[in-house]
**Q** 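Following this message is one structure expressed as C-alpha cells.
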Amino acid sequence: MSTHTTRTPNGKVVIVTGAAQGIGAAIAERLARDGFDIVIADLKSADTKAAAVAKECEAAGARVAVIPVDVRSEEDVTALVAGAVEKLGRVDVMVANAGIGPPVDFLETTTKTMNDLWEINIRGVMYCYQAAARQMIKQGGGGRLIAASSVAGLSGFPQLGMYSASKFAVRGMNQCAAAELGKHGITCNTYNPGVVQTDMWTELDKFYSGKAGGPDGSALAAQAAANPLGRNTNPTEVANAVSFLAGPDAAYISGASLCISGGMQMH
Ligand code: NAD
C-alpha cells in the first residue's frame with residue numbers, strides 16, 4: 001500500500017527481473033510510485049502474475065512494459081534491454097532480482113543443483129548487468145545496477161551451501177562491476193535480505209520444519225524468534241531499501257551490500 005500521496009515522474013526507466021511476484025513485484029510497485037517507468041521482466045510462464053503487477057504499477061501512474069525473459073539466456077536478456085528501449089525509451093536502473101534458492105544438504109548437492117544456481121543466480125545477473133551497462137554507456141549520464149544477494153551472501157547457512165556460494169559470487173561480481181563501471185557514472189550495489197515471507201521461504205519453511213520434525217510454519221517462527229528485532233520481514237521492507245539504492249540519495253554509494261535483515265546478519 002502506497003504511503004505516497006503524489007507521484008512525480010522522474011523520466012527514468014527501471015527493469016526489474018523476477019518481478020511477477022515476491023520481492024521483485026514489491027520493488028516494481030514501489031519504484032512505480034517513486035516516479036520510475038517500469039519494465040516487468042519474468043519467465044513467460046509467470047505472464048498472468050506479471051500482468052497483475054503491471055496493473056498496480058500503471059495504477060500508480062507509471063508507463064509499464066511487460067517483457068518475458070529467462071535470465072539464463074543471454075539472447076533473452078539482450079532482447080529485454082532492447083525491448084525496454086523500444087517501448088519506454090531508455091534504461092536507467094537494472095534490478096537483477098530473479099533468483100532461486102533450493103535447500104539441499106551439502107553432501108546431497110548435485111551437479112544439476114549447482115548448475116541451476118549458477119545459471120540463474122550468477123550468470124543471469126552477469127547478463128543483466130552487462131546488457132544494461134552497455135545501454136547506459138550508450139545513452140550517457142550513468143545509471144544504477146542493483147542485484148539481489150542475501151544474508152547467505154555474507155555467511156554460510158545450513159542446507160543453503162550452493163545458494164550461499166551463488167550469493168557470495170553476486171557480491172564479488174557487483175564489486176568488480178562497481179570498480180570498472182564507475183567511470184561511466186554507473187553505481188553497482190546489492191541488497192541482502194534476511195528472511196522475507198515469499199514463496200521462496202514457504203518452500204524453505206516446509207523443508208526446515210520437516211527436517212526438524214515440526215509443523216509447517218515452525219521454521220519461520222524460529223527464525224523470527226532468533227532475530228534481534230523479533231520478527232521476519234516482507235517484500236515491502238526490501239523494496240524500501242531498493243528504492244533508496246535506485247534514488248538520488250544513493251548517488252555516491254557503489255560496491256556496497258545493504259542488509260535488510262533486522263540485524264540477523266551484521267557486517
Ligand atoms: P520468489 O521465488 O518469490 O520469486 C522469484 C521470481 O523470479 C519469480 O517470479 C520467478 O518466476 C522468477 N524467476 C525464476 N527464475 C527465473 C529466470 N530464469 N528468469 C527470469 N525470472 C526467473 O523469490 P523472492 O523471495 O521474491 O526472491 C527474490 C530474490 O531475492 C531472489 O534472488 C532471492 O534469492 C533473493 N532473496 C530472497 C530472500 C527471501 O527470504 N525470500 C532472502 C534473501 C534473498
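Throughout, residue positions are numbered sequentially from 1 according to the sequence presented. Just so you know, ligand 1 is whichever comes first in the structure, and atom 1 is the first atom listed for that ligand.
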**Q** Report, in ascending order of atom number, the atoms of ligand 1 lying under 4.0 Å from any heavy atom of Gly22.
**A**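 Those qualifying, in numeric order: 26 (O).
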**Q** Check whether any side-chain heavy atom of Cys128 sits under 4.5 Å from a side-chain heavy atom of Thr17, and report yes or no.
**A**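 Yes, their side chains come closer than 4.5 Å.
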**Q** Show which atoms of ligand 1 fall inside a sub-4.0 Å distance from at least one heavy-atom site of Gly99.
**A**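 That gives atoms 5 (C), 31 (C), 32 (O) of ligand 1.
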**Q** Do Tyr163 and Ile100 pass the side chain to side chain contact (heavy atoms under 4.5 Å, CB included) test, and can you show the C-alpha distance, the side-chain angles, and the key distance before you say yes or no?
**A** CA-CA 8 Å; Tyr163 175 77; Ile100 58 167; over 6 Å; no
**Q** Looking only at protein heavy atoms, which one is nearest to atom 23 (O) of ligand 1, and how far off is it?
**A**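 Going atom by atom, the protein heavy atom closest to atom 23 (O) of ligand 1 ends up being Met200 CE, 3.7 Å.
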**Q** Which atom pair, heavy atoms only, marks the closest approach of Leu160 to Pro103?
**A**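 Taking every non-hydrogen atom into account, CD2-CA, 4.2 Å.
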**Q** So is Gly194 touching ligand 1 or not, going by heavy atoms under 4.0 Å?
**A**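 It does; at least one heavy atom falls under 4.0 Å.
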**Q** Should Asp205 and Asp216 count as side-chain neighbours, where that means a heavy-atom distance under 4.5 Å?
**A**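 Asp205 vs Asp216: side chains touch.
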**Q** Check whether any heavy atom of Gln197 sits under 4.0 Å from an atom of ligand 1.
**A**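 Flag not set, Gln197 not near ligand 1.
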**Q** What is the closest protein heavy atom to atom 25 (O) of ligand 1, and at what distance does it sit?
**A**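 Atom 25 (O) of ligand 1 sits closest to the protein heavy atom Thr198 OG1, 2.5 Å.
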**Q** Under 4.5 Å between any side-chain heavy atoms of Val85 and Val91, yes or no?
**A**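 Yes. Closest side-chain heavy atoms under 4.5 Å.
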**Q** Numbering the atoms of ligand 1 from 1, which are under 4.0 Å from a heavy atom of Val69?
**A**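 So the answer, numbered in order with elements, is 19 (N), 20 (C).
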**Q** With heavy atoms of Ser149 as the reference, note each atom of ligand 1 found under 4.0 Å away.
**A**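 That gives atoms 44 (C) of ligand 1.
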**Q** Taking a cutoff of less than 4.0 Å between a non-hydrogen atom of the residue and any ligand atom, is Pro235 in contact with ligand 1?
**A**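 It does not, in that no heavy atom of Pro235 comes within the 4.0 Å cut-off of ligand 1.
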**Q** Give the numbers and elements of all ligand 1 atoms closer than 4.0 Å to a heavy atom of Trp201.
**A**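 Once the distances to Trp201 are compared, the set is 39 (C), 40 (O).
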**Q** Indicate yes or no: at least one non-hydrogen side-chain atom of Ile186 is less than 4.5 angstrom from one of Ile137.
**A**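 Side-chain contact under 4.5 Å: yes.
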**Q** Taking the minimum heavy-atom distance to atom 8 (C) of ligand 1, which of Ile23, Asp42, Ile27, Val77 ranks first?
**A**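 Shortest heavy-atom distance from atom 8 (C) of ligand 1: Asp42.
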**Q** Is the shortest distance from a heavy atom of Tyr191 to ligand 1 less than 4.0 Å?
**A**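 It does not; every heavy atom stays at 4.0 Å or beyond.
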**Q** Do the non-hydrogen side-chain atoms of Val195 and Leu220 ever get within less than 4.5 Å of each other?
**A**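 Side-chain contact under 4.5 Å: yes.
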**Q** Looking only at protein heavy atoms, which one is nearest to atom 31 (C) of ligand 1, and what is the separation?
**A**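 That would be Asn97 O, 3.3 Å.
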**Q** Can you name the atoms of ligand 1, numbered from 1 with element, that are less than 4.0 Å from a heavy atom of Pro193?
**A**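 Near Pro193, the atoms of ligand 1 are 42 (C), 43 (C), 44 (C).
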**Q** May I ask you to test the Pro68-Leu43 pair for a side-chain heavy-atom distance under 4.5 Å?
**A**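 No, too far: nothing below the 4.5 Å cut-off.
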**Q** Please list the nearest protein heavy atom to atom 3 (O) of ligand 1 with its residue and the distance rounded to 0.1 Å.
**A**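 I find the closest protein heavy atom is Gln21 NE2, 2.8 Å.
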**Q** Could you please spell out the steps behind the side chain to side chain contact (heavy atoms under 4.5 Å, CB included) verdict for Ile253 and Asn189?
**A** CA-CA 8 Å; Ile253 299 175; Asn189 295 293; 3.5 Å; yes
**Q** Just checking Phe106: does its CZ atom have more than 12 heavy atoms from other residues, nucleotides or ligands closer to it than 6.0 angstrom?
**A**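 12 or below, so no.
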**Q** Taking both backbone and side-chain atoms of Val71, is any N or O found less than 3.5 Å from an N or O belonging to ligand 1?
**A**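 Yes, at least one N or O pair falls under 3.5 Å.
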**Q** Under 4.0 Å from ligand 1, counting heavy atoms only, is it the side chain of Asp70, its backbone, both or neither?
**A**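 It is both backbone and side chain that touch ligand 1.
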**Q** Evaluate Ser150 for polar contact with ligand 1, using N/O atom pairs at a separation under 3.5 Å.
**A**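 No, since none of the N or O atoms of Ser150 sits under 3.5 Å from an N or O of ligand 1.
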**Q** Mind checking what makes side-chain contact (heavy atoms from CB on, under 4.5 Å) contact with Ala177, not counting sequence neighbours?
**A**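 With neighbours one apart ignored, the set is Tyr129, Leu181, Cys188.
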**Q** In this structure, does ligand 1 have an atom that sits under 4.0 Å from one of the heavy atoms of Leu43?
**A**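 Checking ligand 1 against Leu43, which is what was asked, there is a heavy-atom contact under 4.0 Å.
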**Q** Going by the order shown, which atoms of ligand 1 are within less than 4.0 Å of some heavy atom of Val196?
**A**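 Under 4.0 Å from Val196, ligand 1 has these atoms: 39 (C), 40 (O), 41 (N).
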**Q** What protein heavy atom sits nearest atom 34 (O) of ligand 1, and how far away is it?
**A**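 Atom 34 (O) of ligand 1 sits closest to the protein heavy atom Tyr163 OH, 2.7 Å.
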**Q** Checking Val81 against Met94 for the side chain to side chain contact (heavy atoms under 4.5 Å, CB included) test, could you report, in this order, the C-alpha distance in whole Å, the side-chain angles of both residues, the deciding distance, and whether it holds?
**A** CA-CA 9 Å; Val81 171; Met94 167 63 82; 4.2 Å; yes
**Q** Salt-bridge test for Arg123 and Asp70: reply yes if a basic N is under 4.0 Å from a carboxylate O, no otherwise.
**A**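 Here Arg123 does not pair with Asp70 in a salt bridge, since their nearest N and O are not under 4.0 Å apart.
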**Q** What protein heavy atom sits nearest atom 7 (O) of ligand 1, and how far away is it?
**A**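 Of every protein heavy atom, Gly18 CA, 3.5 Å lies nearest to atom 7 (O) of ligand 1.
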